[in-house]
Amino acid sequence: MSNNPQYEKIWKVVQLIPQGKVASYGQVADLAGLPGRARLAGKCLGYVPKDGINGKPVPWFRVLRSSGQLAFPLGSDSFERQRSLLMDDGIFVKGKSVSIKQYGWKPDLGEILFLLDN
DNA sequence: CGCCTGACTGAGG
DNA sequence: CCCTCAGCCAGGC
């Protein structure tokens with residue numbers, strides 16, 4: 001499962017999200033070359049290796065719903081964990097969501113393609 | 001093959 | 001901003 005090639009593509013894309021920015025499950029899936037598989041993106045983030053991959057961490061907490069909401073139920077342990085990590089990142093979590101206008105990641109396609117090939 | 005379950009989405013009301 | 005619903009797709013049984 002954690003050696004699923006599709007998972008690895010998704011994790012690599014997530015590693016490109018800069019600190020202080022957030023992306024949606026669907027956006028990550030698209031960039032990983034897996035359009036229409038937002039749910040898969042969410043699922044595999046639950047299997048992120050604790051020590052990251054290629055020696056780098058996988059910032060799973062920077063991935064949210066397209067609406068800006070965290071995917072976990074408000075108040076759950078997972079929710080609180082993600083919220084604090086986002087705050088550490090300098091991202092303000094208002095209620096159950098984050099402002100996409102303010103923190104949304106708008107990557108340069110050329111850059112993404114280059115980085116993913118390396 | 002059917003049926004159900006998700007860290008999902010977009011459109012509607 | 002809330003909720004509902006149809007679509008979505010991978011997995012498990």
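Note that the coordinates shown come from a computational prediction; the quantities given were computed from them, not determined experimentally. By convention in this document, chain letters (A, B, ...) are assigned in the order of the sequence lines, proteins followed by strands, and residues within each chain are numbered from 1.
Note: CD (Q6(A)) to P (dA10(C)) measures 7 Å, nearest angstrom. dA6(C) atom P lies 14 Å from atom CZ of R39(A), rounded to whole Å. Counting to the nearest Å, the C1' atom of dC9(C) and the CG atom of D30(A) are 14 Å from each other.
Looking only at side-chain heavy atoms (C-beta outward), L115(A) and Q15(A) stay at 4.5 Å or farther from each other.
Reading DNA chain B from its 5' end, the first and the last nucleotide to sit under 4.0 Å from a heavy atom of chain A are dG6(B) to dG10(B).
As judged by a 4.0 angstrom heavy-atom cut-off over every strand, G26(A) is placed among residues touching the sugar-phosphate backbone only. S67(A) comes within contact range of no nucleotide atom at all, as no heavy-atom separation falls under 4.0 Å.
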(Q) Only Watson-Crick and G-U wobble pairs with both distances less than 3.5 Å should count. Give DNA chain B in dot-bracket notation, marking inter-strand partners with |. (A) .|||||.||||||
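With hydrogens and angles disregarded, a donor-acceptor distance shorter than 3.5 Å links the side chain of Q82(A) to the backbone of F61(A).
Distance check on atom P: dG7(C) versus dA7(B) gives 23 Å, rounded to whole Å.
Between I17(A) and A23(A) the shortest heavy-atom distance is CD1-CB, 3.8 Å. The two atoms that bring R65(A) and Y25(A) nearest to each other are N-CE1, 3.7 Å, heavy atoms only. Across every non-hydrogen atom of S24(A) and V63(A), the tightest pair is C-CG1, 3.8 Å. Pairing each heavy atom of M87(A) with each of V93(A), the nearest pair is SD-N, 3.6 Å. Residue F79(A) comes nearest to P73(A) through the heavy atom pair CB-O, 3.3 Å, listed as atom of the first residue, atom of the second, then distance. Across D89(A) and Q19(A), no two heavy atoms sit closer than the pair OD1-CG, 3.1 Å.
One hydrophobic cluster, built from ILVMFWY side chains closer than 4.5 Å, cannot hold both L113(A) and V28(A); they sit in different ones.
Heavy-atom nearest nucleotides on DNA chain C were determined for S97(A) and for G36(A), and the one closer to the 5' end corresponds to S97(A).
Contact check, N4(A) against dA10(C): no side-chain N or O comes under 4.0 Å of OP1 or OP2.
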